[in-house]
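For reference, the structure is listed below as structure tokens.
Counting begins at 1 with the first residue of the sequence.
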Amino acid sequence: MPQRHSKNNNDLAFFTYDEKRKLGYGTQRERLGRDSIKPFDACCLCLKPFIDPMSCQKGHVFCKECILECLLSQKKDIHRKQVAHNSQQKQEKEDEEERLRQQKARELESFDQQNHGAVPHYNDRNQDQDKGGFHGANSVKVTSYEEEALRTMKAFWLPSATPEAPVKVAAPPECTTCPEGSEKLKLKSLFPIHFTEDINDQKKSTPLDKTYICPSCKVTLTNTLSLVALSSCGHVFCKKCADKFIPLDKVCLVCNKGCKERNMVNLKKGGTGFAGHDDDLEAKDFKHLGSGSGLGLVRPAVKT
């Protein structure tokens, strides 16, 4: 009888390395396909072919209407959060003043009881109002602060008296941010970009199916090419032509407008909000074994 190999030994109380590998335990990596990659001529917000494209200094391309609406909504959200934050600070200041006032009043009452004895002085005016008070030196009187504490006492075992933690509103950011990155983004930092359309292309069926070419080498632009836009005029070239001619000529190859090397912006390609950009197009997912994963009670089939 042949000896049983460790890969076929599935009667253990724990999962072996080979069983975890067969079940897909750990970080799974997969190269994204074409359907998961955003085209270079699509907006990063609406994921549709862009209309009046604009780019930020990091190379993210948006429709003009989409990015303006995004920045406007961010400003409104910042204003709303700032109002809530100011209101919270005002309320905290008032609560602190009320706490100090109650502490001072408590100290005065304690001082008054120590100096005038434990028996309070009654008169005809407040005798009817203090029927629940004491009438002897050995009695204990419940102060107004203790009555308020008993009335507002929180009890976690009663649904109606369960305490609630106060919601803290953090200070909002002062500037708007790029929806595709974490860097600050202002309206004046955006610049329009212009693609050169291939007028000799006869395959387009709709106005949205346009083909763009590099104005220098006339190569059709695709996701496989790295693109460079000039922030001075907005014309787009392939990276090979931009690195070869623009640093030497110091002018745009289309409009002859002066530009410098710092005006060259590498346009981001590939990923959407769910994937990386440029060459980092690898999807990652972590799977674990245990309750709730659906894999804890299943063992892989043994190869025979």
Side-chain angles (χ1 to χ4, degrees), residues 34 37-72 74 176-181 183-273 276-279 281:
R34 182 178 179 181
I37 298 177
K38 179 183 72 66
F40 74 95
D41 58 345
C43 173
C44 292
L45 291 175
C46 64
L47 303 181
K48 297 179 181 179
F50 47 59
I51 302 175
D52 297 332
M54 301 188 73
S55 175
C56 65
Q57 298 299 328
K58 295 295 183 179
H60 300 119
V61 183
F62 311 94
C63 296
K64 184 177 181 179
E65 182 180 358
C66 294
I67 189 60
L68 292 181
E69 184 179 356
C70 179
L71 294 179
L72 181 60
Q74 286 189 34
T176 55
T177 57
C178 178
E180 281 292 306
E183 67 275 1
K184 297 180 180 179
L185 179 62
K186 295 183 178 180
L187 183 60
K188 62 181 181 181
S189 63
L190 296 171
F191 62 93
I193 57 178
H194 308 285
F195 286 85
T196 303
E197 186 177 354
D198 188 7
I199 58 177
N200 297 325
D201 187 15
Q202 304 295 333
K203 297 181 180 179
K204 58 182 181 180
S205 58
T206 62
L208 297 178
D209 297 335
K210 296 180 181 180
T211 304
Y212 300 102
I213 61 174
C214 174
S216 176
C217 60
K218 307 301 180 182
V219 174
T220 303
L221 302 181
T222 60
N223 271 10
T224 59
L225 296 177
S226 297
L227 307 180
V228 175
L230 300 179
S231 60
S232 57
C233 60
H235 289 103
V236 180
F237 304 89
C238 64
K239 187 173 179 59
K240 183 178 180 180
C241 295
D243 293 340
K244 185 176 181 180
F245 298 108
I246 294 178
L248 298 177
D249 299 338
K250 304 294 184 182
V251 294
C252 177
L253 302 179
V254 178
C255 59
N256 292 329
K257 186 176 181 180
C259 62
K260 297 182 180 180
E261 193 171 356
R262 66 170 179 264
N263 298 124
M264 300 171 57
V265 178
N266 295 321
L267 298 183
K268 297 294 183 180
K269 64 177 182 179
T272 64
H277 290 280
D278 295 333
D279 297 329
L281 299 177

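In terms of heavy atoms, Ile193 sits closest to Ala229 at CG2-CB, 4.0 Å. The minimum heavy-atom distance linking Val265 with Gln57 is given by the pair CG1-O, 3.5 Å. The minimum heavy-atom distance between Asp41 and Lys210, with the atom names listed, is OD2-O, 4.4 Å.
For residues 215-236, the pairs satisfying ring-ring contact (aromatic ring centres under 6.0 Å, His included) are His194-His235, with sequence neighbours left out. A salt bridge (charged side-chain N to carboxylate O under 4.0 Å, His left out) check over residues 214-230, counting only residues at least two apart or in different chains, returns nothing.
Judged as a side-chain hydrogen bond (donor to acceptor under 3.5 Å, both in side chains), and not counting sequence neighbours, Thr176 has no contacts. Residues meeting the ring pair (Phe, Tyr, Trp, His ring centres under 6.0 Å) test with Phe191, sequence neighbours left out: none. Among residues two or more places apart in sequence or in another chain, the side-chain contact (heavy atoms from CB on, under 4.5 Å) test is passed with Leu225 by Val219, Leu221, Thr222, Leu227. Partners of Phe62 by ring pair (Phe, Tyr, Trp, His ring centres under 6.0 Å), not counting sequence neighbours: none found. Listed by chain and residue number, Cys56, His60, Glu183 satisfy the side-chain contact (heavy atoms from CB on, under 4.5 Å) test with Lys58 (two or more places apart in sequence, or in another chain). Partners of Thr196 according to the side-chain hydrogen bond (donor to acceptor under 3.5 Å, both in side chains) rule, which considers only residues two or more places apart in sequence or in another chain, do not exist here.
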Determine whether Cys63 and Leu45 satisfy the following criterion, side chain to side chain contact (heavy atoms under 4.5 Å, CB included), listing intermediate values before the conclusion. CA-CA 8 Å; Cys63 296; Leu45 291 175; over 6 Å; no
Could you walk me through whether Glu197 and Thr211 satisfy the side chain to side chain contact (heavy atoms under 4.5 Å, CB included) test, starting with their C-alpha distance in whole Å, then the side-chain angles of each, then the deciding distance to 0.1 Å, before giving a yes or no? CA-CA 6 Å; Glu197 186 177 354; Thr211 304; over 6 Å; no
Candidate pair Asn266 and Val228, rule side chain to side chain contact (heavy atoms under 4.5 Å, CB included), full reasoning: CA-CA 5 Å; Asn266 295 321; Val228 175; 3.3 Å; yes
Name the atoms and distances for all side-chain donor-acceptor pairs under 3.5 Å in residues 240-261, with sequence neighbours left out.
unit_1, atom_1, unit_2, atom_2, d
Lys250, NZ, Pro247, O, 3.4
Lys257, NZ, Ser232, O, 3.0

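The aromatic rings of Phe50 and Phe195 sit parallel, their planes meeting at an angle under 30°, below the 60° perpendicular limit.
Here the SG-NZ distance, from Cys178 to Lys186, works out to 14.5 Å after rounding to the nearest 0.5 Å. Interatomic distance, Cys43 SG to Ile67 CD1, rounded to the nearest 0.5 Å: 7.5 Å.
Annotation for Gln74: atom CD counts as buried by contact number, over 12 foreign heavy atoms lying within 6.0 Å.
For the pair Leu185/Thr177, no side-chain contact is recorded, criterion being any heavy-atom separation below 4.5 Å from C-beta on.
A side chain to side chain contact (heavy atoms under 4.5 Å, CB included) with Lys38 is found for one member of Val61, Asn223, Leu47 and no other, namely Leu47.
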